Amino acid sequence: VIRVTGDYWKEFEEKTEEYWSERMYLRYLRFRLRVCLSLISFRYVDGIIVVSQDLVSVAENNTHLKRDSIAVVRYPVNVETYSSGNGKSKRRELGIDQNDVLISIVTHVHFYEKYLGALDAAESVSTVVEQRNDIHLVIAGYGKYYDDFKSEFSEHNCVHFPGFVSDVE
């Protein structure tokens, strides 16, 4: 059984294109070797564990496995860890009033498709944020496209980019 934490096949496609187009030929060759080994592994497994229902169809379409051999096990989230803090120090750090509404997006944007998805979500939320000055959008994360992400919202006073955050309150 293999545990798949994301869309491996999209990653294969995007990374292959990225390394080739940016002329990182050694990385390209190493990555292609990893792809080949992974595809061989996928060919001989009896089952796959994925982290979302959406990935069930992706895995089914890209492997020999049928739906009943693909299980979904979501990332475990300890709710008490993330609801015990009140976020006062982060709010202060970002200049956000304690009574204002805070909407968060936490993401890594290593891949272009992930960047486009996060950008779409942020644009949808930013429409609401622009209409009310008591709502703030905080986009925490990192990755190859994070600076591009920040530049898309540089004009918005209520959109904040703290970068990578390890101490989530």
Side-chain angles (χ1 to χ4, degrees), residues 3-24 27-28 31 34 48-59 61-62 70-169:
R3 182 170 187 259
V4 180
T5 58
D7 187 340
Y8 268 24
W9 301 275
K10 185 172 285 292
E11 179 188 349
F12 293 160
E13 189 178 299
E14 289 181 4
K15 280 295 185 188
T16 299
E17 171 62 30
E18 176 185 334
Y19 292 153
W20 186 260
S21 66
E22 294 184 16
R23 298 178 184 204
M24 294 188 269
R27 280 184 118 176
Y28 172 83
F31 187 74
R34 182 178 148 220
I48 294 179
I49 298 171
V50 296
V51 296
S52 74
Q53 193 61 46
D54 294 337
L55 290 175
V56 172
S57 297
V58 172
N61 291 335
N62 287 284
I70 304 168
V72 177
V73 177
R74 293 179 184 5
Y75 285 116
V77 175
N78 180 347
V79 176
E80 291 164 9
T81 300
Y82 298 102
S83 61
S84 62
N86 58 16
K88 283 184 181 178
S89 65
K90 287 293 179 205
R91 285 175 176 268
R92 232 183 346 269
E93 185 181 311
L94 296 169
I96 300 172
D97 187 89
Q98 296 301 314
N99 297 318
D100 285 355
V101 176
L102 225 160
I103 300 171
S104 303
I105 296 175
V106 180
T107 186
H108 73 78
V109 284
H110 291 304
F111 310 115
Y112 189 69
E113 290 293 323
K114 179 102 175 179
Y115 161 70
L116 291 178
L119 186 62
D120 187 43
E123 284 174 344
S124 298
V125 173
S126 71
T127 305
V128 175
V129 170
E130 289 173 3
Q131 295 172 5
R132 291 182 46 186
N133 60 1
D134 66 330
I135 299 178
H136 294 263
L137 174 60
V138 177
I139 303 172
Y142 62 99
K144 178 179 179 180
Y145 296 99
Y146 193 71
D147 288 337
D148 295 337
F149 205 27
K150 283 170 55 174
S151 69
E152 290 285 336
F153 296 95
S154 61
E155 309 268 326
H156 303 275
N157 294 331
C158 292
V159 180
H160 309 272
F161 289 88
F164 178 79
V165 177
S166 60
D167 58 335
V168 178
E169 288 187 53

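Keep in mind that this is a model prediction, so the values were computed, not measured.
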Exercise. For the pair Glu123 and Leu119, evaluate side-chain contact (heavy atoms from CB on, under 4.5 Å) and give the outcome as yes or no after the intermediate values.
Key: CA-CA 6 Å; Glu123 284 174 344; Leu119 186 62; 3.8 Å; yes
Quiz item: How would you list, by chain and number, every residue that makes a side chain to side chain contact (heavy atoms under 4.5 Å, CB included) with Asp147, sequence neighbours excluded?
Solution: Lys150
Quiz prompt | Parallel, tilted or perpendicular: rings of Tyr8 and Phe12 (30°, 60°) | solution = tilted
Quiz item: Listed by chain and number, what are the side chain to side chain contact (heavy atoms under 4.5 Å, CB included) partners of Asp54, not counting sequence neighbours?
Solution: Ser52
Exercise. Could you list the residues that satisfy side chain to side chain donor-acceptor pair (under 3.5 Å) with His136, not counting sequence neighbours?
Key: Asp100, His160
Self-check item: For Glu14, side chain to side chain contact (heavy atoms under 4.5 Å, CB included) partners two or more places apart
Solution: Lys10, Phe111, Glu113
Exercise. Return each pair, listed once, that meets salt bridge (Lys or Arg N to Asp or Glu O under 4.0 Å) where at least one residue sits in residues 135-145; pairs must be two or more places apart or across chains.
Key: Glu18-Lys144, Glu22-Lys144
Quiz prompt | Distance in Å, Cys158 SG paired with Leu94 CG, rounded so as to fall on 0.5 Å steps | solution = 12.0 Å
Quiz prompt | Exam field: side chain Arg91 to backbone Asp97, donor-acceptor pair closer than 3.5 Å | solution = yes
Practice problem: List for me each residue that meets side chain to side chain contact (heavy atoms under 4.5 Å, CB included) alongside Asn133, sequence neighbours excluded, and say none if there are none. | Solution: none
Quiz item: Can you tell me how far the CG atom of Leu137 sits from the CD1 atom of Ile96, to the nearest 0.5 Å?
Solution: 9.0 Å
Quiz item: What are the two closest heavy atoms between Ala59 and Ile48, and how far apart are they?
Solution: CB-CD1, 4.5 Å
Exercise. With the side chain counted from C-beta on, respond yes when Phe161 and Tyr146 share a heavy-atom pair under 4.5 Å apart, and no when they do not.
Key: yes
Quiz item: Under the ring pair (Phe, Tyr, Trp, His ring centres under 6.0 Å) test, which residues partner Tyr19, sequence neighbours left out?
Solution: Phe31
Exercise. Measure the spacing between CD1 of Ile70 and CD1 of Ile49 and express it to the nearest 0.5 Å.
Key: 11.5 Å
Practice problem: List for me each residue that meets side chain to side chain donor-acceptor pair (under 3.5 Å) alongside Asp134, sequence neighbours excluded, and say none if there are none. | Solution: Arg132
Practice problem: Apply salt bridge (charged side-chain N to carboxylate O under 4.0 Å, His left out) to Arg27 and list each qualifying residue two or more places apart in sequence or on a separate chain. | Solution: none
Quiz item: Is any side-chain heavy atom of Asp148 less than 4.5 Å from a side-chain heavy atom of Val109?
Solution: no
